[in-house]
S.K.: 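Below is the structure I would like to discuss, written out as structure tokens.
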Amino acid sequence: MKRERVLQVVLVLVGLLYLAWAIPLFQSLWHSSWLEQHQDAFPMFMSVNTVLGVLLLLAVKQPARHRSLIAFGAWSTLAHAFTMLIMSIEAWSHGMHRKDSPQDIVIVGAIGVLLLAVLPARERAPATDVQAN
């Protein structure tokens, strides 16, 4: 029971964190700053994370039933952290600097690892009795 409570707390925290992407998303879309800064992908990324935040919050009541969603949240977060790492290394090797810091990569990666660590166990299918005639 304690593990499920920890899972629920993590889902609420990560869900709220991802839902917070709605604020810069709407500001970016309202003021067209994405267009001026040539960041076409940024609003799309923010919209995906905002929706993921809503879905993680909906999964809090019955996390075991939403295992695949939680796993998607974990693996997509780890993929994002890995992509940030590769882009940062590539930029650094060309003498350029990215706006995100190494701490951002660590934090995003830690969120993915945390979600994987609290991922609920798979539900076992009920055994069916097969009677031979």
S.K.: Give me the other members of the hydrophobic cluster that Val108 sits in, counting Ile, Leu, Val, Met, Phe, Trp and Tyr linked by side-chain heavy atoms under 4.5 Å, directly or via other members.
M.R.: Met84, Leu85, Ile89, Ile105
S.K.: When you group the ILVMFWY residues by side-chain heavy-atom contacts below 4.5 Å and let the links chain together, are Met44 and Met87 in the same group?
M.R.: no
S.K.: Enumerate, atom names and distances included, each donor-acceptor pair closer than 3.5 Å involving a side-chain atom of residues 110-119, sequence neighbours excluded.
M.R.:
none

S.K.: Using the side-chain hydrogen bond (donor to acceptor under 3.5 Å, both in side chains) criterion, which residues pair with Glu4? Sequence neighbours excluded.
M.R.: none
S.K.: With ILVMFWY side chains joined below 4.5 Å, transitively, what does Trp92's cluster contain besides itself?
M.R.: none
S.K.: Is there a continuous path of hydrophobic side-chain contacts, each under 4.5 Å between heavy atoms, that joins Val9 to Leu16?
M.R.: no
S.K.: Applying side chain to side chain contact (heavy atoms under 4.5 Å, CB included), can you list everything that pairs with Ser76, at least two apart in sequence or on another chain?
M.R.: Leu52, Phe72
S.K.: With sequence neighbours excluded, what pairs up with Val48 under the side chain to side chain contact (heavy atoms under 4.5 Å, CB included) test?
M.R.: none
S.K.: Name all pairs fulfilling the side chain to side chain donor-acceptor pair (under 3.5 Å) condition that reach into residues 9-26, sequence neighbours left out, sorted by first residue then second.
M.R.: Tyr18-Thr77
S.K.: Between Ile107 and Leu19, is there a shared hydrophobic cluster once you connect ILVMFWY residues whose side-chain heavy atoms come closer than 4.5 Å?
M.R.: yes
S.K.: What is the distance from atom CG of Leu56 to atom CG of Leu13, rounded to the nearest 0.5 Å?
M.R.: 11.5 Å
S.K.: Nearest 0.5 Å, what's the OG-CZ distance between Ser28 and Phe26?
M.R.: 11.0 Å
S.K.: Apart from Phe82 itself, what residues make up its hydrophobic cluster when side-chain heavy atoms of I, L, V, M, F, W and Y under 4.5 Å apart count as a link, directly or indirectly?
M.R.: Ile86
S.K.: Excluding sequence neighbours, so at least two apart, what forms side-chain hydrogen bond (donor to acceptor under 3.5 Å, both in side chains) with Arg5?
M.R.: Gln8
S.K.: Do Leu25 and Leu17 sit in one hydrophobic cluster, given that two such residues count as connected whenever their side-chain heavy atoms are within less than 4.5 Å of each other, even indirectly?
M.R.: yes
S.K.: Under 3.5 Å, sequence neighbours excluded: what are the donor-acceptor pairs made by side chains of residues 62-70?
M.R.:
from	atom 1	to	atom 2	distance (Å)
Gln62	OE1	Arg65	NH1	3.2
Arg67	NE	Pro120	O	2.6

S.K.: Is it possible for you to say whether Trp75 and Val106 belong to one hydrophobic cluster, with membership spreading through side-chain heavy-atom contacts below 4.5 Å?
M.R.: no
S.K.: What residues form a side chain to side chain contact (heavy atoms under 4.5 Å, CB included) with Ala91, not counting sequence neighbours?
M.R.: Met96, Arg98
